[in-house]
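Keep in mind that the numbers below use all heavy atoms, side chains included, and drop hydrogens, waters and symmetry copies. We name chains A, B, ... by the order of the sequence lines, and we start the count at 1 in each one.
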Amino acid sequence: MPPLVVPRLYLLTGIQNRYLPIFATYSRSRKTMKKSIKEILAAKPIGQEVTVCGWVRTFRSNQFIAVSDGSCMQTMQVVVDHENTDPALLKRITTGSAVIATGTLIESMGKGQAVEVKARTIEVVGDADPDKYLLQPKKHSMEFLRDIAHMRIRTNTFGAVMRIRHALAYAIHHFFHERGFFYFHSPIITGSDAEGAGEMFKVTTLSLENTQKNKEGDVDFKKDFFGKATNLTVSGQLEAELAALALSRVYTFGPTFRAENSNTTRHLAEFWMIEPEVAFFDLKDNMDLAESMLKYVIAFALEHCADDIQFLKERQEQEESTKPQQERSTMDLITKLHFVVDNEFQRLKYEEAIQILINSTPNKKGKFQYPIEGWGTDLQSEHERYLVEKHFQKPVILTNYPKEIKAFYMRVDDDGRTVSAMDILFPSIGEIVGGSQREERLDVLTQRMEEMHIPLHEMDWYLDTRRFGTCPHAGFGLGFERLVLFVTGMTNIRDVIPFPRTPGNAEF
RNA sequence: GCCUCCUUAGCUCAGUUGGUUAGAGCGCCGGACUGUUAAUCCGUAGGUCCAAGGUUCAAGUCCUUGAGGGGGCGCCA
């Protein structure tokens, strides 16, 4: 029997039926796990005994404990019989302390919650000295919380952001898996310094104080751990291309490092990037994939993180209520997310964008810091913002940029002036996706590399894809934190990753 | 890297033209109350005014330098 027939046999003979129910049953089994607050609130076993494990948010009236376990936005109210409880124990129930409470789940007599736990036993397993514990049941500034990033995960805002972050990551895997993509693990340490995406972090075990030099006076990387100079990856794209030309549909999702001195609310030195790469895809296929993926994952978050998004919506409204009208968002968070899911992204060529910008009011009135000169100039963020936030008022996909301002691997268009690049621009975030159809023609590619001074000999392995069985293919890079930034409505990228790495900051 | 703003109590912030003993809200601590929802009410404590130097009879306030942080721009995802 030829091996290729075997999978079909599984389907036809019903062998799968012997296995699938086992997996289905096993995957549903939660018997060994303690119930989270989210699970208790979902099941609402009124009258039954439940155990709540979590951390005290507030302790009101010496009687009502708001317990959070991070499983969801809501806290569980645990009611203590303070008249029959040791005062020494009550004293230890402070903001931040860890408690295990067991008692009957009853319908709440108060207004703020549907159910509550009438505590039979309560144990403080971890005290939190109220004099030293920094988180108070009040609003803290984002700047202060950044300084205590190890503690800020316990706040409502960061809890919501982290849960949404998880949901988006899960949705991304789900989206690709459903469409037959394989999660491909590109290396984090790379020996290639020609990836063309900016400054890199060096990886070495050589002594920095006493480095051995070779005859030419350069550092002798032959003595280094890998026997050559190595860096942290700035992109998994080139490796993903190798995989796409074998597995057809792949994506990477991993940490990415840029040693650039970028000080903005949109840049991190360590961030997570998703890079799908697909064989036999052209630019239009690529745009369709990116647009449907963004819509899918945002819709997933809207459905599965409704409470968290609602909380962040209200938080944003409160935050903006002190600002002048002009600086406020035109749409609330939920409306904005629905708007992106429900509307087609505006697709237009670079050339068309330039025409719109040339004729725009701010350009005519000299309001742009960088006036539009004409075809060939790179767009600044003020121009992108104008197109997205003023002119079209929805996400924009810009395509076919002049080849001079884009990377070597992008496919040269038939006119010879532009490349099949695409950037997806979102309101307030700017560029969230950057991608292209790749140059699959060996001669055109090597010529472009020579023009842009890319060392060909170091890229031999990459060029082999074009030497053997080359084919049209395309892909893009999605900045994960920028996506989280958009979906949460946060304003600084440092607040959507647990421990941000930026110039001058690598705490925790 | 460039521009700009900021740094005062545990947190958020006032502090007038340079002028007596630097204030408030929240939190903490003590007390009262006890079906609360960032509980409420009363009271106490809490300060290297970022650091160093300078101007001045006098500096939280003005000047110089440095450190840390926010925002904008560039580079990008």
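Listed by residue number, the members of residues 104-117 of chain A with any heavy atom below 4.0 angstrom from RNA chain B are A:Ser108, A:Met109, A:Gly110, A:Lys111, A:Gly112, A:Gln113, A:Glu116.
Each ring-ring contact (aromatic ring centres under 6.0 Å, His included) pair with one or both residues in residues 47-68 of chain A, not counting sequence neighbours, would appear here, but there are none.
A 6.0 Å sphere centred on NZ of A:Lys394 holds more than 12 heavy atoms belonging to other residues, nucleotides or ligands.
Between A:Ile493 and A:His267 the shortest side-chain heavy-atom distance does not fall below 4.5 Å. Counting heavy atoms from C-beta on, the side chains of A:Met490 and A:Arg315 come closer than 4.5 Å.
The nearest heavy atom of RNA chain B to A:Met273 and to A:Ser381 marks one nucleotide each, and the one closer to the 5' end goes with A:Ser381. Nearest-nucleotide positions on RNA chain B place A:Pro503 closer to the 5' end than the other of A:Pro503 and A:Trp272.
Taking atom C1' on both B:G74 and B:C28, the two are 46 Å apart, rounded to the nearest angstrom. Atom P of B:C11 sits at a distance of 25 Å from the matching atom of B:C5, rounded to the whole Å. Comparing the C1' positions of B:C76 and B:G54 gives an interatomic distance of 44 Å, to the nearest angstrom. On the P atoms, B:U48 is 12 Å away from B:U8, given to the nearest whole Å. Atom C1' of B:A32 sits at a distance of 27 Å from the matching atom of B:G23, rounded to the whole Å. Nucleotides B:C2 and B:G15 are separated by 31 Å at their P atoms, to the nearest Å. Rounded to whole Å, the P atom of B:A24 lies 12 Å from the corresponding atom of B:G43. Taking the C1' atom of each, B:C73 and B:A59 are spaced 36 Å apart, rounded to whole Å.
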What pairs of nitrogen or oxygen atoms, one from the protein and one from nucleotides 26-30 of chain B, lie under 3.5 Å apart?
residue	atom	partner	partner atom	Å
B:G27	O4'	A:Gln136	OE1	3.3
B:C28	O2'	A:Asp131	OD1	2.7
B:G30	OP2	A:Lys91	NZ	3.3

Would you list the protein and nucleotides 42-50 of chain B atom pairs, both N or O, that sit under 3.5 Å from each other?
none

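Closest to the A:Asn492 side chain, of the nucleotides B:A38, B:U36, B:G71, is B:G71. Comparing B:U36, B:C11, B:C76 by their nearest atom to the side chain of A:Arg482 picks out B:C76. Side chain of A:Ser61, nearest nucleotide from B:G69, B:C73, B:U34: B:U34. Listed nucleotides B:A77, B:G70, B:A38 differ in distance to A:Leu268; the shortest reach to its side chain belongs to B:A77.
A salt bridge is defined here as a Lys NZ or Arg NE, NH1 or NH2 lying under 4.0 Å from an Asp or Glu carboxylate O, and A:Arg120 with A:Glu49 meets this definition.
The distance from atom CD of A:Glu314 to atom P of B:A38 is 12 Å, rounded to the nearest whole Å.
With sequence neighbours excluded, no residue forms a side chain to side chain donor-acceptor pair (under 3.5 Å) with A:Asp129.
If you check distances only, the side chain of A:Glu83 never reaches the base of B:U34 with a donor-acceptor pair under 3.5 Å. In terms of polar N and O atoms assigned as donor or acceptor, the side chain of A:His267 comes within less than 3.5 Å of the base of B:C76 in a complementary pairing. Side-chain to base pairing of A:Ser262 with B:C75: one donor and one acceptor N or O lie within less than 3.5 Å of each other.
A:Thr418 and A:Asp413 share a side-chain donor-acceptor pair at under 3.5 Å. Under the 3.5 Å distance criterion, with hydrogens and angles disregarded, a donor-acceptor pair is assigned to the side chains of A:Tyr409 and A:Gln237. For the residue pair A:Thr264 and A:Arg266, no side-chain donor N or O sits within less than 3.5 Å of a side-chain acceptor on the partner.
Stacking between A:Phe64 and B:G35 is absent: the ring centroid is not both under 5.5 Å from the six-membered base ring centre and under 30° in plane angle.
Base-pairing analysis of RNA chain B finds the following stems of at least three consecutive Watson-Crick or G-U pairs, with both pairing distances under 3.5 Å: B:1-7 with B:67-73, B:10-13 with B:23-26, B:29-32 with B:40-43, B:50-54 with B:62-66.
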Check the pair A:Phe176, A:Tyr183 against side-chain contact (heavy atoms from CB on, under 4.5 Å), reporting the backbone distance first and the verdict last. CA-CA 8 Å; A:Phe176 284 123; A:Tyr183 179 21; over 6 Å; no

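A cation-pi arrangement is present between A:Lys336 and A:Phe486 under the rule of less than 6.0 angstrom and at most 45 degrees off the ring axis.
Under the side chain to side chain contact (heavy atoms under 4.5 Å, CB included) rule, A:Leu485 has a single partner from A:Ile432, A:Val161, A:Ile429, A:Asp495, which is A:Ile429.
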